[in-house]
Amino acid sequence: MPSHAKPSLEAGLVALKQGNYQTAIAQLEPIASSQNNGTASLQAQVGLVMAYARTGEVPKAIAISQNLIESNNPQVQEWATRALEHLTKRKKTEQESKKVETGFVPFENSAPDSTPITPPETSTLEEKPNNDRVIETKSDDIPPMVPLARLKATLATPPPPPPSATPLSGFMGSVTRTQAKLFGVIYWRQAQRARAWQPLRKPKLIPLRLLSAGTFIAVFWVIREILKLALGLINQTLVKLPYLEPIQLLYHDPTQLLLIALVILIAVSPWLLDLLLANLYGQREFPKDVLNTHSREAVRVLQRCSQQRHWPLPKLRILPTAAPIILTYGSLPRNARIVVSQGLLEQLADDEIAIIYATQLGHIAHWDFAVMSLLLLVTLPTHKLYQQMSELGDKISAKIWRWPVTILASLIYGIWCLLTGTALWLSRLRLYYSDRVAAEITGNPNALIRALLKIAIGIAADIQKQEHTSWQLESLNLLTPVSYQQSLSLGTIASNLSFESFLKWDTANPYRRWFTINNSHPLMGDRIERLCQIARHWHLDTELHFASEPSKVKRQSFLLQVAPWLGIPLGVLFAAFVWLTWQLAFTLKFLNLKWIYEDWSFITGCLLIGFSIGTVMRINSFFPDIKPATVQTDDSLPNLLADPSALPIDSVSVRLVGKLLGRQGTSNTLAQDLILQSSAGLVKLHHISWLGQSVNHQDLIGRQIIVTGWFRRGATPWIDIQTLETQSGKTIHSPHPIWSTFLAVAAQAWGAYVFLTG
């Protein structure tokens with residue numbers, strides 16, 4: 001290989017992985033046309049097919065595929081044959097769909113001249129008889145270039161598959177998982193669907209019903225308290241200002257009026273959300289005929305289920321965005337709307353689109369979509385206000401005026417988080433029910449497994465391409481089938497780690513559910529394992545195979561993990577002991593502290609003291625010293641993600657190199673959108689801003705950095721940052737240990753003050 005070829009090939013594949021298709025084409029074209037480097041030329045041509053297909057240059061992709069069919073390598077021949085078949089079919093489908101008026105515009109992050117097609121890197125080919133496993137290519141998951149010697153050996157003499165891996169006759173012929181990674185593809189077993197199946201036992205809907213009612217009450221209570229606080233602050237301000245009088249109307253209790261308003265909002269939510277989504281995100285009507293070109297089964301499922309339940313067909317809508325999402329809103333089944341994104345239609349196969357639509361029918365059947373519609377109706381304007389305030393803050397150059405706007409934007413973001421937090425429990429629980437309904441409607445739980453994983457991959461790819469989390473993903477996250485947070489590592493790890501290995505933590509860790517309390521979606525591994533149970537119940541092979549043995553986690557580690565929260569009930573016990581002691585002392589006329597123990601506020605002091613003691617107990621374990629000899633690098637990240645017995649308290653010291661992604665400007669003042677794009681995938685970063693630093697974390701977004709910190713494996717893997725360092729030597733410190741110590745001392749001081757003063 002010439003000295004210049006390897007860097008160019010590597011750069012081309014990296015650009016392809018990151019979605020920079022024009023850069024990839026420019027890097028790969030010279031290598032693909034080279035006659036002196038057969039191995040590199042083959043890989044470059046495969047990459048060009050993916051890049052051309054993604055940019056809409058289908059004729060060029062077809063021409064290269066026809067050239068690859070004549071290759072001497074059987075794997076390349078099979079891949080090219082399948083790619084050519086798929087490209088030809090998709091081109092024909094797109095030509096037919098152009099005849100139907102769709103009414104929506106191209107999605108926002110596409111090139112102006114791009115045609116919305118599904119290239120071979122983002123679609124599974126149709127199922128063939130006796131072809132139970134298919135491999136799907138994915139340009140965003142192409143791994144870095146492997147050494148030439150190993151590549152030549154693999155292409156020349158493909159190794160036999162291990163006993164557990166059946167030879168595949170699919171997208172790339174007879175190929176193992178290792179060979180799939182070599183070509184930048186994702187290994188799908190393409191497990192079969194049931195041809196005939198017995199209905200599942202009816203689930204108990206009482207928990208879902210109670211939780212839906214509880215969520216409505218929580219939303220009502222939070223809005224009422226925010227409203228009362230705002231009205232009170234307005235009147236207090238008017239009282240203190242000269243020549244102004246408070247407004248007596250604002251002193252009235254808003255409970256009844258608010259309750260009536262929320263009920264009315266639920267009733268009119270379909271039409272109000274139509275307007276909001278159309279104005280904010282370009283939502284348009286989605287004709288059934290156009291859906292039929294993407295998935296005939298989806299149309300049949302919608303029609304059959306609507307007829308069986310005597311519903312009108314749900315109104316179909318589409319969002320012109322590349323991220324694969326779907327959501328349902330409405331107040332009654334007869335006015336329900338199912339909204340799908342353009343990206344989901346392009347990235348899923350026929351049966352996968354159908355079963356994703358079936359999950360939305362589950363939400364309608366269980367009526368949980370009505371409460372979630374109210375929540376979306378309340379949170380969307382709040383999030384839009386936060387976005388507008390952030391944009392206003394970015395336009396202000398003077399710091400003295402920018403800070404008030406920044407604080408206000410952060411406050412509005414906090415209110416949005418508080419409102420969405422009221423529905424976290426319902427958001428998690430309802431997905432289990434909808435998954436079950438979808439599997440029973442279609443008899444195809446394996447398709448739902450593939451669909452969920454592909455959605456995670458597509459969301460991660462969208463974040464990598466835009467280099468931040470889009471407003472759509474964040475604001476609509478609560479109603480989507482897969483959250484953007486859990487998609488970060490899951491959607492980018494496939495080229496380095498099997499899905500089973502990554503998701504084993506979700507199925508085997510005995511304390512896993514304790515770490516989903518603040519998550520909007522259930523553990524992906526847990527959802528998939530339930531779908532696998534349904535598949536096994538119908539005597540089907542499963543798309544993923546999880547080991548049955550649970551992981552071993554020391555109870556002491558978990559107790560240390562939750563020590564701050566464990567200190568709260570211990571504080572209650574301490575308060576009870578103190579009260580009994582004071583009561584006994586007063587009865588014996590030994591000590592008179594009645595003025596203290598009759599004021600029950602001393603219990604609050606005990607709670608704060610207990611929380612403080614628990615926080616202090618775990619600080620050293622949570623933030624151990626980072627030593628260069630034991631620090632883990634990028635190569636170790638897959639192993640850290642695959643450890644099913646890990647807890648966040650384990651605090652693995654890491655030093656990773658990659659690109660810092662996230663929103664820039666006022667909208668990321670709290671560092672809520674910081675992501676590291678490393679060679680092993682995406683990882684969420686936690687950062688605490690520190691006043692007085694010359695460099696801000698937002699100044700490093702989009703640049704290559706070195707992250708040093710503590711890796712934590714939880715429901716969403718993340719890294720607590722110690723330092724962010726650039727290649728030029730600029731360093732940002734994140735004082736996590738200092739902040740934890742400050743929090744513990746503040747809680748201790750406050751608790752002691754309350755305890756002593758009553």
Side-chain angles (χ1 to χ4, degrees), residues 11-27 51 54-55 107-112 114 122 138-142 144 281 320-325 341 343 347 387 390-391 394 456-477 483-493 495 634 637 656-687 695-707 716-719 721 724-727 730 732:
L13 294 180
V14 169
L16 189 61
K17 178 179 179 180
Q18 296 176 350
N20 300 325
Y21 301 114
Q22 297 299 336
T23 302
I25 291 172
Q27 293 282 354
R54 192 57 178 158
T55 57
F107 50 79
E108 60 209 25
N109 53 0
S110 298
S114 65
T122 57
K138 178 74 178 175
S139 63
D140 290 332
D141 296 290
I142 293 181
Y281 301 137
T321 178
I325 59 176
S341 70
Q347 297 176 40
Q387 179 183 348
S390 299
E391 293 173 351
D394 294 338
I457 293 169
I459 290 175
D462 182 74
I463 292 174
Q464 287 187 103
K465 183 175 182 180
Q466 299 197 40
E467 298 190 352
H468 68 271
T469 304
S470 66
W471 297 114
Q472 295 97 319
L473 283 178
E474 185 175 66
S475 60
L476 302 176
N477 180 63
S483 76
Y484 69 89
Q485 295 100 330
Q486 66 184 171
S487 300
L488 294 175
S489 296
L490 175 60
T492 54
I493 199 64
S495 59
D634 300 67
L637 186 58
L656 307 180
V657 180
K659 188 176 184 179
L660 185 63
L661 308 182
R663 287 198 295 267
Q664 295 184 339
T666 307
S667 62
N668 206 9
T669 301
L670 301 177
Q672 59 265 49
D673 186 38
L674 281 186
I675 305 165
L676 177 68
Q677 182 183 16
S678 69
S679 59
L682 299 180
V683 185
K684 178 69 176 175
L685 300 178
H686 286 183
H687 172 65
V695 182
N696 191 281
H697 65 272
Q698 297 178 0
D699 300 333
L700 306 185
I701 292 176
R703 300 174 60 179
Q704 291 292 320
I705 60 169
I706 301 173
V707 176
T716 300
W718 83 93
I719 296 174
I721 299 173
L724 293 175
E725 183 180 353
T726 66
Q727 295 176 344
K730 294 182 179 180
I732 295 178

If you round to the nearest 0.5 Å, how far is [atom2] of [Y] from [atom1] of [X]?
| X | Y | atom1 | atom2 | answer |
| --- | --- | --- | --- | --- |
| L660 | I721 | CG | CD1 | 7.5 Å |
| N696 | L724 | CG | CG | 10.5 Å |
| I701 | K659 | CD1 | NZ | 11.5 Å |
| D673 | Q485 | CG | CD | 10.0 Å |
| I463 | H468 | CD1 | NE2 | 9.5 Å |
| R703 | T726 | CZ | OG1 | 5.0 Å |

(request) Kindly write out the residues that satisfy side-chain hydrogen bond (donor to acceptor under 3.5 Å, both in side chains) with T716, not counting sequence neighbours, or none if the list is empty. (result)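 None.
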
(request) Output all residues satisfying side-chain hydrogen bond (donor to acceptor under 3.5 Å, both in side chains) with D634, sequence neighbours left out; order by chain, then residue number. (result) none

Could you tell me which non-hydrogen atom of [X] sits nearest to which non-hydrogen atom of [Y], and how far apart they are?
| X | Y | value |
| --- | --- | --- |
| Q27 | G12 | CB-CA, 3.6 Å |
| G665 | D394 | CA-OD1, 3.4 Å |
| S390 | S667 | OG-CA, 3.5 Å |
| V683 | P717 | CG1-O, 4.3 Å |
| W471 | Y281 | O-OH, 3.6 Å |

(request) Please name all residues satisfying side chain to side chain contact (heavy atoms under 4.5 Å, CB included) with E391, sequence neighbours left out, ordered by chain then number. (result)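 Per chain and number, E391 pairs via side chain to side chain contact (heavy atoms under 4.5 Å, CB included) with Q387.
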
Is there a side-chain contact between [X] and [Y] in this structure, where contact means two heavy atoms from C-beta onward sitting under 4.5 Å apart?
| X | Y | answer |
| --- | --- | --- |
| S678 | L637 | yes |
| I25 | T55 | yes |
| L473 | T321 | no |

(request) Check the pair Q704 / Q727 against side-chain hydrogen bond (donor to acceptor under 3.5 Å, both in side chains), numbers first and verdict last. (result) CA-CA 7 Å; Q704 291 292 320; Q727 295 176 344; 5.3 Å; no

Any donor-acceptor pair under 3.5 Å linking the side chain of [X] with the backbone of [Y]?
| X | Y | result |
| --- | --- | --- |
| Q672 | L670 | yes |
| S341 | A323 | yes |
| S489 | L682 | yes |
| H697 | N668 | yes |

(request) Quickly, which of Q466, E474, Q698 forms a side chain to side chain donor-acceptor pair (under 3.5 Å) with R663? Name it, please. (result) E474

(request) Going by the side-chain contact (heavy atoms from CB on, under 4.5 Å) test, name the single residue among L685, T469, V707 that passes it with L674. (result) L685

(message) Does either side chain, that of S483 or that of N477, offer a donor lying less than 3.5 Å from an acceptor on the other one?
(response)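 No, N477 and S483 have no side-chain donor paired with an acceptor closer than 3.5 Å.
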
